[in-house]
Amino acid sequence: SFPTNNTFCGVAVVSNIIYVIGGSVAGASSNVYAYNPATDVWITKTPMPTGRYDAAVGTINGIIYVAGGVATTGLRPKAVEAYNPQTDTWSTNTPLPYPVVGASGAVVNGKFYAIGGYDTNNATLASVLVFAISNSPIAITVPPHLIAEATSPAGAVVTVRPPAQHVSAPVAPRHDPPPPPPSHPPR
């Protein structure tokens, strides 16, 4: 069984090993656990430098990236850290341009995306941070016509297009008027 109680942790897979990173265990955790489903064995790994929960996580070329989240102190770090499972070591990357909590992480074509989340005032973010291996994070605007889709209750996949710029305003739900009733042909 899992070595500890944990919520809001990050999860990544490298070489068929599941890595559980950080999370909340009576406060932000820096714990890292590796689970091998083939042997049903958990191994404790080197702790993350910045203990946190509710961070975005993604894997590029066997390296696990962790961005943002909430630290033990309740502060919201801008830290971006990378874990190399082969060497069981952590490195620090260029920090986020602003704190982000609860963003969803995804990797596409070798880029790590941290999508949405909320800021230090708990305002919902309509931003997408894109991490390229050799570049700092770039904040990209979500086009206004996609904001409602990005915040729909069911969740949605959003196509993001430049220009590169940060959106930090809270996102209000879209309230379109109901469609008119169907017209019936005269009898």
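Predicted, not measured: the structure shown is a model, and the values here were computed from it.
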- request: Specify the closest pair of heavy atoms between Tyr98 and Ser127, including all atoms of both residues, with the distance to one decimal.
  value: OH-OG, 3.0 Å
query: Under the side-chain contact (heavy atoms from CB on, under 4.5 Å) test, which residues partner Val41, sequence neighbours left out?
result: Thr39, Ile43
message: Once side-chain contact (heavy atoms from CB on, under 4.5 Å) is applied, do any residues pair with Val13, and if so which ones, sequence neighbours excluded?
response: Ile18
For Tyr19, the rest of its hydrophobic cluster, which grows through side-chain links under 4.5 angstrom: Val14, Ile17, Ile21, Val32, Met48, Val57, Ile64, Val66, Tyr83, Trp90
field: Contacts of type ring-ring contact (aromatic ring centres under 6.0 Å, His included), residue Tyr118, not counting sequence neighbours
entry: none
query: Side chains of Tyr113 and Ser104: donor-acceptor distance under 3.5 Å anywhere?
result: no
- request: For residues Trp42 and Asn36, determine if any side-chain heavy atom of one lies less than 4.5 Å from a side-chain heavy atom of the other.
  value: no
- prompt: What are the two closest non-hydrogen atoms of Val107 and Thr59, and how far apart are they?
  reply: CG2-O, 3.3 Å
task: With sequence neighbours excluded, tell me which residues meet side chain to side chain donor-acceptor pair (under 3.5 Å) with Thr87.
output: Thr89
message: To check you understand the geometry: which heavy-atom pair defines the closest contact between Phe131 and Ala114, and what is its length?
response: CE1-CB, 4.1 Å
- request: Please name all residues satisfying side chain to side chain donor-acceptor pair (under 3.5 Å) with Asn31, sequence neighbours left out, ordered by chain then number.
  value: Ser29, Tyr33
- prompt: Checking side chain to side chain contact (heavy atoms under 4.5 Å, CB included) for the pair Tyr65/Asn93: CA distance, chi angles, key distance, verdict?
  reply: CA-CA 9 Å; Tyr65 294 86; Asn93 289 18; 3.3 Å; yes
Closest approach of Ala67 to Val80 (non-hydrogen atoms, all atoms of both residues): CB-CG2, 4.0 Å
message: If you apply the rule side chain to side chain contact (heavy atoms under 4.5 Å, CB included), what do you find for Val100 with Asp119, and how did you get there?
response: CA-CA 5 Å; Val100 176; Asp119 66 13; over 6 Å; no
query: Would you say Asn122 has more than 12 foreign heavy atoms packed within less than 6.0 Å of its CG?
result: yes
- line: Residues at least two apart in sequence or cross-chain that pass side chain to side chain donor-acceptor pair (under 3.5 Å) with Thr92, listed by chain then number, are none
task: Would you name the heavy atoms of Leu129 and Pro97 that are closest together and state the gap between them?
output: CD2-CG, 4.1 Å
task: Could you tell me which non-hydrogen atom of Gly116 sits nearest to which non-hydrogen atom of Ala103, and how far apart they are?
output: O-CB, 3.5 Å
- prompt: Residues two or more places apart in sequence or in another chain: which of them pass side chain to side chain donor-acceptor pair (under 3.5 Å) with Thr46?
  reply: Asp88
query: Does the Asn121 side chain pair with the main chain of Ala123, one donor and one acceptor, at a distance under 3.5 Å?
result: no
task: Mind jotting down which residue pairs meet the salt bridge (charged side-chain N to carboxylate O under 4.0 Å, His left out) criterion with at least one end in residues 16-27? Sequence neighbours excluded, please.
output: none
- prompt: Excluding sequence neighbours, so at least two apart, what forms side-chain contact (heavy atoms from CB on, under 4.5 Å) with Thr120?
  reply: Arg76, Pro99
message: Test of understanding: with side-chain contact (heavy atoms from CB on, under 4.5 Å), list the residues that count as partners of Ala79, not counting sequence neighbours.
response: Thr50, Arg52, Pro77, Glu81
Please list every donor-acceptor pair under 3.5 Å in which a side-chain atom of residues 1-9 meets a protein atom from a residue at least two apart or in another chain.
{"from": "Asn6", "atom 1": "OD1", "to": "Ser24", "atom 2": "N", "distance (Å)": "3.0"}
{"from": "Asn6", "atom 1": "ND2", "to": "Gly22", "atom 2": "O", "distance (Å)": "2.9"}

